[in-house]
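For reference, the structure is listed below as structure tokens.
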Amino acid sequence: MVRNITDVDDPLFERAEQLGVLYTDLANEQIESFHTVMTKLNFKPLFSEPRVSEYIDQISVAVAELVDNSYGYYIGKDIYFDVSKYKDFKNFSGYSKKLLLGLFELRGGDLKLEGKRNKLDFLLWKNAEQSDPASWQTKLGRGRPGWHIECSVMSSSLLGTPFRYTRWRK
């Protein structure tokens, strides 16, 4: 089992700024707290627990490949995934379109962003300024990854491809 750790995320950066601490320190504190709880609950150790910050180069390469193959597109300097290019996208989760749109917006997705091809298109790469403490210089320019691509790259890197997601059933 692989459990991805998102140590590069806007809510984390915002909370660290509110607390006046480095986002890396806050991330490490939260990860340690999570591990403590998991140990108390007697969860078994994992095969791997990668952090986004350890996979930035691989993520930028994957995003570049998506753009090169017309799955990704630019809105300004940011890159989005065109969900219409993945024909089974609407069936993947098993959720209705209404529920998907609600969850997308609830979790920070911008349904009304000008230039998006589809409401559910999601961020692959966010352009950043040099002064942004949570950004990296890559072949895509300075920036950081979007959430979905992080998990895809880390899991694929450790589990190989294709790997299969299976829903738990009663």
Side-chain angles (χ1 to χ4, degrees), residues 2-17 23-24 26-27 48-167:
V2 173
R3 178 175 48 225
N4 304 330
I5 297 288
T6 303
D7 61 346
V8 175
D9 195 33
D10 285 337
L12 175 68
F13 308 144
E14 292 164 11
R15 184 69 176 143
E17 188 174 330
Y23 82 89
T24 52
L26 180 59
S48 184
E49 194 173 56
R51 295 181 183 207
V52 173
S53 59
E54 300 167 343
Y55 284 79
I56 299 298
D57 288 334
Q58 294 99 314
I59 293 168
S60 70
V61 167
V63 172
E65 287 177 10
L66 288 168
V67 171
D68 290 346
N69 290 303
S70 300
Y71 284 87
Y73 65 95
Y74 282 87
I75 297 178
K77 293 182 178 181
D78 297 337
I79 303 172
Y80 282 78
F81 183 83
D82 184 347
V83 298
S84 71
K85 299 286 184 169
Y86 180 59
K87 67 178 183 168
D88 290 328
F89 180 80
K90 65 183 176 199
N91 301 320
F92 183 71
S93 70
Y95 297 147
S96 69
K97 184 172 183 178
K98 182 179 178 181
L99 180 56
L100 282 174
L101 290 168
L103 289 170
F104 186 80
E105 190 169 37
L106 180 69
R107 295 179 179 162
D110 188 345
L111 296 172
K112 298 174 185 153
L113 179 66
E114 194 169 319
K116 282 177 77 172
R117 296 175 183 168
N118 303 283
K119 288 182 177 184
L120 290 172
D121 288 354
F122 53 87
L123 182 70
L124 291 170
W125 189 262
K126 181 176 181 151
N127 184 62
E129 300 298 321
Q130 183 70 31
S131 60
D132 189 333
S135 63
W136 293 262
Q137 186 61 45
T138 71
K139 68 186 294 175
L140 299 170
R142 185 155 204 86
R144 62 179 176 261
W147 187 67
H148 294 296
I149 191 67
E150 297 170 354
C151 296
S152 300
V153 170
M154 291 186 291
S155 297
S156 297
S157 174
L158 291 162
L159 298 172
T161 55
F163 67 88
R164 188 170 170 85
Y165 167 78
T166 309
R167 234 185 236 197

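Values below: all heavy atoms of this structure, side chains included; hydrogens, waters and symmetry mates excluded.
- Taking the side chain to side chain contact (heavy atoms under 4.5 Å, CB included) definition, one finds that Gln58 meets it with Tyr55, Val153, sequence neighbours left out.
- Val61 meets the side chain to side chain contact (heavy atoms under 4.5 Å, CB included) test with Glu65, Lys139; sequence neighbours excluded.
- Defined by atom type and a distance below 3.5 Å, a donor-acceptor pair is missing between the side-chain atoms of Ser135 and Arg144.
- In this structure Leu103 satisfies the side chain to side chain contact (heavy atoms under 4.5 Å, CB included) test together with Tyr95, Leu99, Arg107, sequence neighbours excluded.
- Here salt bridge (charged side-chain N to carboxylate O under 4.0 Å, His left out) pairs that include residues 146-156, with residues two or more places apart or in two chains, number zero.
- The salt bridge (charged side-chain N to carboxylate O under 4.0 Å, His left out) search around Lys126 returns Asp10, not counting sequence neighbours.
- Summarising the local packing, NZ of Lys119 is surrounded by 12 or fewer heavy atoms from other residues, nucleotides or ligands at distances under 6.0 Å.
- Partners of Asp110 under the salt bridge (charged side-chain N to carboxylate O under 4.0 Å, His left out) rule, at least two apart in sequence or in another chain, do not exist in this structure.
- A distance of 5.0 Å separates OG in Ser60 from CG in Leu140, rounded to the nearest 0.5 Å.
- A search for side chain to side chain contact (heavy atoms under 4.5 Å, CB included) contacts involving Ser53 returns Asp7, Val8, Arg51, Trp136, not counting sequence neighbours.
- The side chain to side chain contact (heavy atoms under 4.5 Å, CB included) with Met154 is formed by just one residue from the set Ile149, Val52, Leu159; it is Val52.
- Minimum interatomic distance between Ala16 and Leu26 (heavy atoms only, all atoms of both residues): N-CD2, 3.6 Å.
- Using a 4.5 Å heavy-atom cutoff, the side chains of Leu123 and Ile79 are not in contact.
- With sequence neighbours left out, Asn4 forms a side-chain hydrogen bond (donor to acceptor under 3.5 Å, both in side chains) with Ser155.
- A 6.0 Å sphere centred on CD of Gln137 holds more than 12 heavy atoms belonging to other residues, nucleotides or ligands.
- Expressed to the nearest 0.5 Å, how far CD of Glu105 lies from CG of Leu120 amounts to 10.5 Å.
- Applying the side chain to side chain donor-acceptor pair (under 3.5 Å) test to pairs two or more places apart or on separate chains, those with a residue in residues 71-86 are Tyr73-Asp121, Asp82-Ser84, Asp82-Arg117, Asp82-Asn118.
- Side-chain contact between Leu124 and Pro145: absent, with no pair of heavy atoms (C-beta onward) separated by less than 4.5 Å.
- The side-chain heavy atoms of Phe122 and Val83, taken from C-beta on, include a pair separated by under 4.5 Å.
- For Glu49, the side-chain hydrogen bond (donor to acceptor under 3.5 Å, both in side chains) criterion is met by Arg3, His35, not counting sequence neighbours.
- For the atom pair CD1 of Ile56 and OG1 of Thr138, the computed distance is 8.5 Å after rounding to the nearest 0.5 Å.
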